[in-house]
Amino acid sequence: MTIKLVKKVARSSFMKPLVESVKKAVVAYKSDQLSQHFNQYLAPVAVQDSDELAVSQQLRHLVYCEEMNFLPLESDKTERDEMDHHAYHCLIQHTSSQDCAGTVRIVHSKDESDLLPIEVHCKELLAQCDIKPSDFPRDQLGEVSRLAVNPRFRRRKHDKYQGLATDTGIDVNRFTEKEMRTFPLIAVGLYLSAGNICRMNNIDHIFVMMEPKLAKKLSLLGFSLQQVGPKIQYHGMRAPFYCRVSDMAERMPVGFRKLYRHLGMELTEQLDHDHSKK
């Protein structure tokens, strides 16, 4: 089921190579082996301290400031903003090297003083949206933001969105063939980890600014993304999308559902362990 679905999606015309990269990983392994193989080489990390947050922010600087030129360069090579203080952060770590392979944050709105990025940077756009953050309880709101994949796990230079988790190339001189088969799943692992963090914190209503064709392909892989407004220039041409977290698991093909649950167990165990030490 999973392989047939991804093959069907990958045959359609698209601008981003994410689905093709996911296809390569899926066809190499049966759907019930995805989680097991992912776990051999990659692991989610719920950011719990300032050192881990700095790793995330440094990767964000590398991608958003140095590669993409979307944000200004900082002298300390760390990209941060005021929303980091009311956000959950997550990494995907390459287990053997301990390198940070990717990062994502979920900006959480506990009350009206904690605005989402879309509310701060896209005020005019919100007036044209069919679904808005104001439609939901503030404490159930979040926005997936600052998702990035480490360039050391990529090699394509011609894709201008490569750092935003759409690239399929890998540094073949650094990793084994078996490891490389998991790397196209780093971006998906970040989205699935974000979904789990939302679920664990009662954040059911998620917004994300995303390229529409990428969102369409992700929706076919189980992410129930609904475009709620027009495209604008925002770190590239993007549109606002809405997702209800509680709908995610039931829509996923079985292989991705197992990976989603596996990542959830890993993150829960980390957070429970951290709380037990306090």
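Reckoned from all heavy atoms, side chains included, excluding hydrogens, waters and symmetry mates. As the structure is a prediction and not an experimental result, all values here were calculated from the model.
Here CG of Leu259 is found 11.5 Å from CZ of Arg261. Values are rounded to the nearest 0.5 Å. In this structure, the separation between OG on Ser145 and NE2 on His235 is 8.5 Å, given to the nearest 0.5 Å. The distance from atom CZ of Phe241 to atom CG of Leu218, rounded to the nearest 0.5 Å, is 9.5 Å. Within the model, atoms OG of Ser56 and NE2 of His89 stand 6.5 Å from one another, a figure rounded to the nearest 0.5 Å. To the nearest 0.5 angstrom, Phe38 atom CZ is 6.5 Å from Leu185 atom CG. Atoms CZ and OG, from Arg152 and Ser97 in turn, are 7.5 Å apart once rounded to the nearest 0.5 Å.
Counting only residues at least two apart or on different chains, the salt bridge (charged side-chain N to carboxylate O under 4.0 Å, His left out) pairs with a member in residues 84-94 are Arg60-Asp84, Asp84-Arg105. Residues in residues 140-149 take part in these salt bridge (charged side-chain N to carboxylate O under 4.0 Å, His left out) pairs, two or more places apart or across chains: Glu79-Arg146, Asp81-Arg146. Among residue pairs with one or both ends in residues 114-136, those qualifying as side-chain hydrogen bond (donor to acceptor under 3.5 Å, both in side chains) are Glu119-Arg138; sequence neighbours excluded. Among residues at least two apart or in separate chains, ring pair (Phe, Tyr, Trp, His ring centres under 6.0 Å) pairs with a member in residues 208-232 are Tyr191-Phe223.
Pro44 and Leu267 make their closest contact through CB-CD2, 3.8 Å (heavy atoms, listed as atom of the first residue, atom of the second, distance). Nearest approach of Gln227 to Pro212, heavy atoms of both residues: OE1-CB, 3.8 Å. The heavy-atom pair separating Glu52 from Ala46 by the smallest distance is OE1-O, 3.6 Å. The shortest heavy-atom contact between Leu59 and Ala148 is CD2-O, 4.1 Å. Across Arg257 and Ala249, no two heavy atoms sit closer than the pair NE-O, 3.1 Å. Across every non-hydrogen atom of Pro240 and Cys129, the tightest pair is CG-SG, 3.8 Å.
Looking at residues two or more places apart in sequence or on another chain, you find no ring-ring contact (aromatic ring centres under 6.0 Å, His included) involving His262. For Gln226, there are no side chain to side chain donor-acceptor pair (under 3.5 Å) partners at least two apart in sequence or on another chain. Partners of Tyr260 under the side chain to side chain donor-acceptor pair (under 3.5 Å) rule, at least two apart in sequence or in another chain, do not exist in this structure. With sequence neighbours excluded, no residue satisfies side chain to side chain donor-acceptor pair (under 3.5 Å) with Asp247. Here Thr95 pairs with Ala43 under the side-chain contact (heavy atoms from CB on, under 4.5 Å) rule; sequence neighbours left out. Qualifying side chain to side chain donor-acceptor pair (under 3.5 Å) partners for Arg244, counting only residues two or more places apart in sequence or in other chains: Asp204, Ser246. Looking at residues two or more places apart in sequence or on another chain, you find a side-chain contact (heavy atoms from CB on, under 4.5 Å) between Gln58 and Ala54, Thr78.
Counting Ile, Leu, Val, Met, Phe, Trp and Tyr side chains that sit under 4.5 Å apart, directly or through other members, Leu125 shares a hydrophobic cluster with Met83, Val107, Leu115, Leu116, Ile118, Val120, Leu126, Ile131, Phe136, Leu141, Phe207, Met209, Val228, Ile232, Tyr234, Tyr242.
Val45 and Leu62 end up in different hydrophobic clusters when Ile, Leu, Val, Met, Phe, Trp and Tyr side chains are linked at under 4.5 Å. Both Leu71 and Met68 belong to a single network of hydrophobic side chains, linked directly or stepwise wherever heavy atoms of I, L, V, M, F, W or Y lie under 4.5 Å apart. Note on Leu53: it does not cluster hydrophobically with Leu190, by side-chain heavy-atom contacts below 4.5 Å among ILVMFWY residues. No continuous path of hydrophobic side-chain contacts links Val104 to Leu91 [ILVMFWY only; heavy atoms under 4.5 Å]. Leu263 and Val245 end up in the same hydrophobic cluster when Ile, Leu, Val, Met, Phe, Trp and Tyr side chains are linked at under 4.5 Å.
Aromatic ring pairs are classed by plane angle as parallel below 30°, tilted from 30° to 60° and perpendicular above 60°; the pair Phe70 and Tyr64 is tilted.
No donor-acceptor pair closer than 3.5 Å links the side chain of Asn39 to the backbone N or O of Ser35. Of the possible donor and acceptor atoms, one in the side chain of His86 sits under 3.5 Å from a partner among the backbone N and O of His108.
Annotation for Glu112: atom CD does not count as buried by contact number, only 12 or fewer foreign heavy atoms lying within 6.0 Å.
Among the candidates Glu74, Lys77, Glu66, the single residue satisfying the side chain to side chain donor-acceptor pair (under 3.5 Å) test with His61 is Glu66.
Counting only heavy atoms from C-beta outward, the side chains of Ile106 and Ile206 approach each other to under 4.5 Å. Within the 4.5 Å cutoff, side-chain heavy atoms of Ser193 are placed close to those of Ile92.
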